[in-house]
Amino acid sequence: MRQSHQLPLVGLLLFSLIPRQQCEICKVSKENKTALKPLVHTMISSNYTKGIQAAKVLLSLRLGGFLNQNQDQHLIEQFILTVRSTEPSLTSGQLALAILALGACKGTDGISINYSELVKKLGNKYKAEIKNMEDHDGNPLTNYYQLSLDVLALCLFSGNYSVPKVAEIFKPGNKNYYFHKQFSVDTGAMAVLALTCVKRSITSGQNKIDTKDLDNIDNHIKLLIRKILSQKTENGLLGNIDSTGEAMQALFVSSNYYNKNQWVCQKTRDTVLKEISQGAFRMPTAAAQILPALMGKTYLNVNKDSSCVYGSDISHISTQKPISVTPAVSASQIKVNYSVVINNAKDRIVVSVANGSVFLKVMEQAQKENAALFRYVSEETSWGPYITTVRGIKANTTNRTYWELLSNGEPLSEGAGSYVVHAGDDLEVRWSTY
Ligand code: B12
Ligand SMILES: *[C@@H]1O[C@H](CO)[C@@H](O)[C@H](O)[C@H]1NC(C)=O
Ligand SMILES: *[C@@H]1O[C@H](CO)[C@@H](O)[C@H](O)[C@H]1NC(C)=O
Ligand SMILES: *[C@@H]1O[C@H](CO)[C@@H](O)[C@H](O)[C@H]1NC(C)=O
Ligand SMILES: *[C@@H]1O[C@H](CO)[C@@H](O)[C@H](O)[C@H]1NC(C)=O
Ligand SMILES: *[C@@H]1O[C@H](CO)[C@@H](O)[C@H](O)[C@H]1NC(C)=O
Ligand SMILES: *[C@@H]1O[C@H](CO)[C@@H](O)[C@H](O)[C@H]1NC(C)=O
Ligand SMILES: *[C@@H]1O[C@H](CO)[C@@H](O)[C@H](O)[C@H]1NC(C)=O
Ligand SMILES: *[C@@H]1O[C@H](CO)[C@@H](O)[C@H](O)[C@H]1NC(C)=O
């Protein structure tokens with residue numbers, strides 16, 4: 001739908017009127033940049049610079065200008081091969097993120113990337129998401145976080161998508177913004193970024209459409225921003241620690257939708273810096289999600305025609321010794337309760353694991369002791385192992401079903417591969433619908 005990359009004069013004027021002050025004030029100062037070392041370190045030294053899971057890490061490192069030219073060239077060459085060979089099996093959001101990572105900036109000459117081919121394939125995957133929604137009670141193949149990534153990438157890379165359809169499906173009341181009736185800040189933030197891109201492409205005249213669609217999109221952004229701000233915690237986080245980075249990006253690009261007193265960006269930033277100093281964001285994907293905002297960047301800064309910035313002052317840290325993602329496990333054993341809950345049936349077991357073990361270790365041990373009741377399957381994702389199946393029962397997005405992880409009755413805010421269990425914990429995997 002977008003005809004050209006050149007902005008007409010009207011578009012340029014509108015762009016320059018968009019307030020940018022918020023980002024400038026809020027990004028981490030030059031003097032404080034060393035505070036970001038652990039994050040860059042986690043990202044570069046992990047296996048997450050390999051495989052399709054590397055997309056978000058690459059995007060983040062490139063947006064922040066943390067790689068030197070050799071690293072960038074090497075990682076991009078590897079990544080393009082991965083994308084080409086895995087493309088048919090990628091989910092829409094994985095392909096969208098891959099396109100954003102590859103096109104984050106213009107890298108070394110010599111690597112030519114056929115964007116139009118990838119973007120066309122993304123268009124087809126996005127269509128399949130919409131088709132699934134039409135056939136299955138509004139449920140996409142994946143989720144709205146990924147549909148937002150799709151629209152964002154299609155918008156930034158001149159793909160084909162329907163503006164009226166976007167205005168229709170991204171209504172803030174749509175059930176896909178919610179899990180267990182709880183608004184997903186991550187999802188809302190990604191939708192704001194996508195809708196803002198679409199809005200800018202309309203106002204800059206690249207997309208000729210009905211002004212009613214523009215009004216609707218504008219209204220969706222306003223309401224989503226309100227919902228994001230309603231999830232602000234006392235210390236300034238937006239949602240939880242892992243949604244804060246992308247929510248900051250959403251707020252950066254929509255500062256004319258809220259008042260200065262509704263969000264003190266510095267407070268959010270300082271809380272995040274404090275968390276970093278206490279060892280937060282040990283997961284590469286978690287680090288990748290927070291880093292752009294701390295650099296004053298957003299995914300809307302993705303621009304395949306602007307040259308990459310190389311070798312920031314902290315890039316040399318990639319040679320340092322890696323920090324282990326998994327915590328130290330001690331020799332002493334602890335006992336925990338573990339149960340599998342399906343509707344009203346609960347099967348319980350007490351297992352012993354080494355002190356410092358993660359939830360997955362407990363599941364492994366339970367499976368070893370009683371495979372009939374406690375067998376499970378996990379799948380590697382960008383956040384670590386995702387529990388897809390327990391006792392042969394498989395999660396399914398079309399039915400909005402999944403295996404929920406809980407401890408002492410409370411849903412966990414991290415996964416089986418990273419949650420460290422405590423003696424006496426009452427751990428549970430529960431067959432749930434969201
Ligand atoms: C959609 C979503 C879900 C859906 C996934 C199914 C679906 N409909 O697609 C549902 C609601 C089922 C879900 C469940 C859970 N989720 Co969730 N989820 C997301 C969300 C919003 C988007 C994921 C996505 O599509 N990413 C984009 C694609 C391209 O990347 P991907 O790696 O291929 O995506 C897959 C994985 O992310 C996986 N997944 C989703 N959630 C989680 C959580 C963990 C720990 C793992 C390992 C994998 C995983 O599902 C995606 C589709 O297959 C993210 C937010 C975010 N910022 O990423 C939170 C997020 C990843 N989820 C989170 C959590 C905590 C969970 C649960 C552990 C909650 C619980 N107590 O049970 C469970 C997972 C339990 C399990 N079985 O292992 C946290 C993880 C934080 C962390 N530090 O580990 C996030 C970051 C939200 C947050 N801000 O707290 N989730
Ligand atoms: C550096 O960060 C701390 C909070 O961690 C903050 O108090 C201080 O003002 C920051 N310094 C600069 C120059 O921004
Ligand atoms: C990286 O992957 C290799 C091989 O798959 C594995 O042996 C190694 O332990 C992994 N390293 C980390 C830090 O996960
Ligand atoms: C890129 O892909 C498109 C669509 O598949 C194709 O028509 C075009 O020839 C390709 N361009 C190059 C340079 O390979
Ligand atoms: C773009 O998508 C619309 C419907 O979504 C379709 O009618 C049209 O043919 C598509 N155009 C191209 C060039 O693929
Ligand atoms: C487990 O380790 C923690 C610290 O790592 C310690 O405080 C606790 O006492 C240990 N528990 C047992 C039962 O060894
Ligand atoms: C999910 O369930 C639907 C039926 O509701 C089925 O058509 C589909 O194949 C299932 N998907 C997976 C991955 O099991
Ligand atoms: C999904 O739900 C449909 C209808 O509600 C049901 O027929 C089907 O068996 C379910 N599939 C799975 C995999 O749970
Ligand atoms: C397991 O749960 C039972 C029943 O709630 C409780 O009596 C027992 O103390 C628990 N054991 C452990 C190791 O947490």
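We number each residue from 1, following the sequence as shown. Counting starts at 1 for both ligands and their atoms, in listed order. For clarity, every value in this text was computed on a predicted model and none was experimentally measured.
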Exercise. Looking at E364 and K361, does any basic side-chain N land under 4.0 Å from a carboxylate oxygen?
Worked result: yes
Exercise. In order of chain and number, which residues sit within 4.0 Å of ligand 2 by heavy atom?
Worked result: S29, E31, N32, D270
For this session: Identify, by atom number and element, the atoms of ligand 7 in contact range of K394, meaning under 4.0 Å from any of its heavy atoms.
Result: 13 (C)
Exercise. Under 4.0 Å from ligand 7, counting heavy atoms only, is it the side chain of H136, its backbone, both or neither?
Worked result: neither
Exercise. Relative to Y115, does K304 satisfy both conditions: NZ or CZ under 6.0 angstrom from the six-membered ring centre, and within 45 degrees of the ring's axis?
Worked result: yes
For this session: For the residue pair N176 and R400, confirm or rule out a side-chain donor-acceptor distance under 3.5 Å.
Result: yes
Problem set entry | For N114, atoms of ligand 4 separated by under 4.0 Å from a heavy atom | 1 (C), 2 (O), 3 (C), 8 (C), 10 (C), 11 (N), 12 (C), 14 (O)
For this session: Run the numbers on F170 and Y144 for ring pair (Phe, Tyr, Trp, His ring centres under 6.0 Å), then give the verdict.
Result: CA-CA 9 Å; F170 283 98; Y144 259 31; 5.2 Å; yes
Exercise. Which class fits the ring pair Y338 and F374: parallel under 30°, tilted 30 to 60°, perpendicular over 60°?
Worked result: tilted
Problem set entry | Where ligand 4 meets S116 - atom numbers and elements under 4.0 angstrom, heavy-atom basis | 1 (C), 2 (O), 3 (C)
Exercise. Ring centroid separation for H180 and Y402, is it under 6.0 angstrom?
Worked result: yes
Exercise. In chain order, what residues pass the ring-ring contact (aromatic ring centres under 6.0 Å, His included) check against F179, with sequence neighbours excluded?
Worked result: Y434
Problem set entry | All salt bridge (Lys or Arg N to Asp or Glu O under 4.0 Å) counterparts of R375, not counting sequence neighbours | none
Problem set entry | Part of N399 with heavy atoms under 4.0 Å of ligand 7, whether side chain, backbone, both or neither | side chain
For this session: Could you tell me which residues satisfy side chain to side chain donor-acceptor pair (under 3.5 Å) with K165, sequence neighbours excluded, listed by chain and number?
Result: E134
For this session: Check whether any N or O atom of K120, backbone or side chain, sits under 3.5 Å from an N or O atom of ligand 4, and answer yes or no.
Result: no
